[in-house]
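Values reported hereafter were calculated over all heavy atoms of this structure, with side chains retained and with hydrogens, waters and symmetry mates removed. Letters go in sequence order (proteins before strands), and every chain restarts at 1.
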Amino acid sequence: MIYETIKMEITSNPEYVGIIRLTTSGIANKIGFSIDDIEDMKVAVSEACTNAIKHSNDNVFYIKYEMLENGLTIEIQDKGKGYDIESTIKPDLSNPKENGLGLFIIQTLMDEVSIESKDKEGTIIKMTKYLGVDI
Amino acid sequence: MIYETIKMEITSNPEYVGIIRLTTSGIANKIGFSIDDIEDMKVAVSEACTNAIKHSNDNVFYIKYEMLENGLTIEIQDKGKGYDIESTIKPDLSNPKENGLGLFIIQTLMDEVSIESKDKEGTIIKMTKYLGVDI
Amino acid sequence: MSMNISSNMGVDNDFWNISLQGELDVSTADKLKEHLHSLADKKIMDMKINLTNLEYIDSTGLGVMIGILKKLKISNKEIYIINPKSNVKKIFTITGLDKIFKVEG
Amino acid sequence: MSMNISSNMGVDNDFWNISLQGELDVSTADKLKEHLHSLADKKIMDMKINLTNLEYIDSTGLGVMIGILKKLKISNKEIYIINPKSNVKKIFTITGLDKIFKVEG
Ligand SMILES: Nc1ncnc2c1ncn2[C@@H]1O[C@H](COP(=O)(O)OP(=O)(O)O)[C@@H](O)[C@H]1O
Ligand SMILES: Nc1ncnc2c1ncn2[C@@H]1O[C@H](COP(=O)(O)OP(=O)(O)O)[C@@H](O)[C@H]1O
């Protein structure tokens with residue numbers, strides 16, 4: 001099945017993450033998500049874009065929105081340095097750190113999340129939220 | 001000189017024009033345009049996207065935002081049927097018609113507009129608005 | 001990014017009262033077109049289109065209004081555009097359509 | 001898509017009163033970081049961060065607050081998060097940071 005899509009290619013500038021949030025909320029609103037779900041997706045997308053901007057070392061990154069019948073899949077991709085997914089550690093509350101919360105927040109807010117990352121080839125994080133589901 | 005860009009590729013669905021307006025207003029706001037200028041750009045971009053959706057016969061179209069130091073260039077492109085630019089007629093007030101206002105509105109609202117169209121290759125309309133200029 | 005239409009007959013049954021709310025663009029123009037033509041099919045009389053709550057309009061919306069105006073003009077009826085926001089009014093002005101429609105407010 | 005910070009000393013000069021307005025993300029986190037550290041450099045005392053007008057926060061904002069909290073904790077000082085909107089509060093809750101900061105309202 002081929003879904004309708006909106007794809008973006010964006011210069012890696014922190015200033016543009018707010019614009020991406022706006023676009024995300026427009027798309028999610030059109031699909032019919034609740035205000036709370038839209039807020040969740042704005043945060044999740046921002047976290048992924050922030051990672052691409054801060055960690056990929058590439059000067060451009062990509063977003064693909066795929067309109068499902070019952071939800072929205074958002075893919076954030078960079079063609080940067082990649083990282084070892086296994087070696088990232090979970091946040092530890094007894095010893096809170098300045099970093100390491102982004103991926104945890106994405107996983108908490110979205111219904112499905114998958115990450116692929118390859119050394120020197122880059123990272124793809126794919127996240128889906130379904131309409132009217134609360135898990 | 002290479003400018004920062006945001007590029008989009010969008011399925012030709014009228015439902016998405018509102019999302020493009022939202023993205024456009026976010027970008028224009030970030031650059032520092034006034035509310036009136038932002039409204040103008042939203043209309044101009046919508047007109048160009050509407051043309052790509054209604055007339056190009058292609059099922060996808062493209063937008064490129066180029067952040068200038070003193071303004072914003074927006075390019076709307078389709079790879080559809082193209083048209084003969086020379087043969088489009090100016091709106092005639094003594095005999096108003098249902099169509100033919102879109103390009104006229106774009107030309108009125110933006111500071112610079114150029115159109116390229118080739119038979120069976122498609123159309124590119126490039127429009128620029130400068131900061132703090134009123135013509 | 002959606003549009004709502006409400007309409008009713010004016011007090012003396014001599015005009016249509018129409019209110020638009022939201023954004024009138026390529027995704028919503030057909031809805032307006034059908035609505036206005038169905039009113040004209042019931043009775044040809046002046047239309048007063050209240051735009052107080054219309055946030056956005058472009059050529060697709062103007063096209064619909066020009067189409068219905070042509071139908072009304074045959075019977076010497078008019079379209080009144082009531083209380084448009086400044087960005088909406090601007091689109092009527094730059095196209096010169098403020099001289100074809102009766103723009104009020 | 002911008003953020004404003006205002007701050008002043010509390011009535012008895014025993015805490016910092018800070019108000020954030022707008023969106024706290026990767027583009028504005030550094031501004032907050034510099035601001036809070038410059039306050040701590042003047043005087044180490046409790047910080048009350050009023051979030052009534054903060055529309056958005058994510059991990060970049062949380063990171064800044066954790067960083068400054070570590071500095072304050074050395075002297076047994078606290079960060080109070082005052083009156084966050086529900087979407088902002090949710091980010092503190094899901095990360096468990098509502099147990100590290102004093103969230104009020
Ligand atoms: N797109 C990416 N490219 C390279 N490394 C990444 C990317 N996304 C995440 N990482 C790695 O995963 C780590 C954890 O990411 P995250 O949970 O978002 O926390 P933070 O960004 O605050 O470190 C990062 O520190 C980084 O090493
Ligand atoms: N992207 C495009 N692809 C093909 N034809 C186009 C395109 N843009 C404009 N045109 C042609 O130019 C004409 C005038 O466009 P416009 O002024 O926007 O008015 P309208 O779209 O209402 O006809 C259209 O009717 C169409 O024939």
_From D:Ser59 atom OG to A:Glu98 atom CD, the distance as rounded to the nearest 0.5 Å_ = 12.0 Å

*Flag if over 12 foreign heavy atoms under 6.0 Å of CD, D:Glu104*: yes

*Compare all side-chain heavy atoms of D:Asp25 with those of A:Thr50 and state whether any distance is below 4.5 angstrom.*
no

_Other residues, nucleotides, ligands: >12 heavy atoms within 6.0 Å of D:Lys43 NZ_ = yes

*Select all residues of residues 41-49 of chain A having any heavy atom within less than 4.5 Å of some heavy atom of chain D, and report them by number, or 'none'.*
A:Lys42, A:Val43, A:Ser46, A:Glu47

*Please test D:Thr95 against A:Thr108 for side chain to side chain contact (heavy atoms under 4.5 Å, CB included), starting from the C-alpha separation and ending with a verdict.*
CA-CA 9 Å; D:Thr95 54; A:Thr108 308; over 6 Å; no

*Kindly compute the distance separating CG (A:Leu109) from CD1 (D:Ile94), expressed to the nearest 0.5 Å.*
4.0 Å

*chain D contact via A:Pro91 - which portion, at a heavy-atom distance below 4.5 Å*: neither

*A:Ile35 atom CD1, over 12 foreign heavy atoms within 6.0 Å*: no

*Against chain A, label D:Leu62 side chain, backbone, both or neither, depending on which of its atoms sit under 4.5 Å from a heavy atom there.*
side chain

*D:Asp58: side-chain hydrogen bond (donor to acceptor under 3.5 Å, both in side chains) partners, not counting sequence neighbours*: D:Tyr56, D:Thr60

_Shortest non-hydrogen contact from A:Pro96 toward D:Ile66_ = O-CG2, 3.7 Å

_At a 4.5 Å cut-off on heavy atoms, which part of A:Asn13 comes close to chain D: side chain, backbone, both, or neither?_
neither

*Within 6.0 angstrom of D:Lys31 NZ, more than 12 heavy atoms from elsewhere*: yes

*asked:* Once side-chain contact (heavy atoms from CB on, under 4.5 Å) is applied, do any residues pair with A:Leu68, and if so which ones, sequence neighbours excluded?
replied: A:Tyr3, A:Glu66, A:Asn70, A:Thr73, A:Thr128, A:Tyr130

_Which residues in residues 71-92 of chain D have any heavy atom closer than 4.5 Å to a heavy atom of chain A?_
D:Asn87, D:Lys90, D:Ile91

*asked:* Is it true that, when you exclude D:Lys70 itself, more than 12 heavy atoms of the residues, nucleotides or ligands shown sit nearer than 6.0 Å to its NZ?
replied: yes

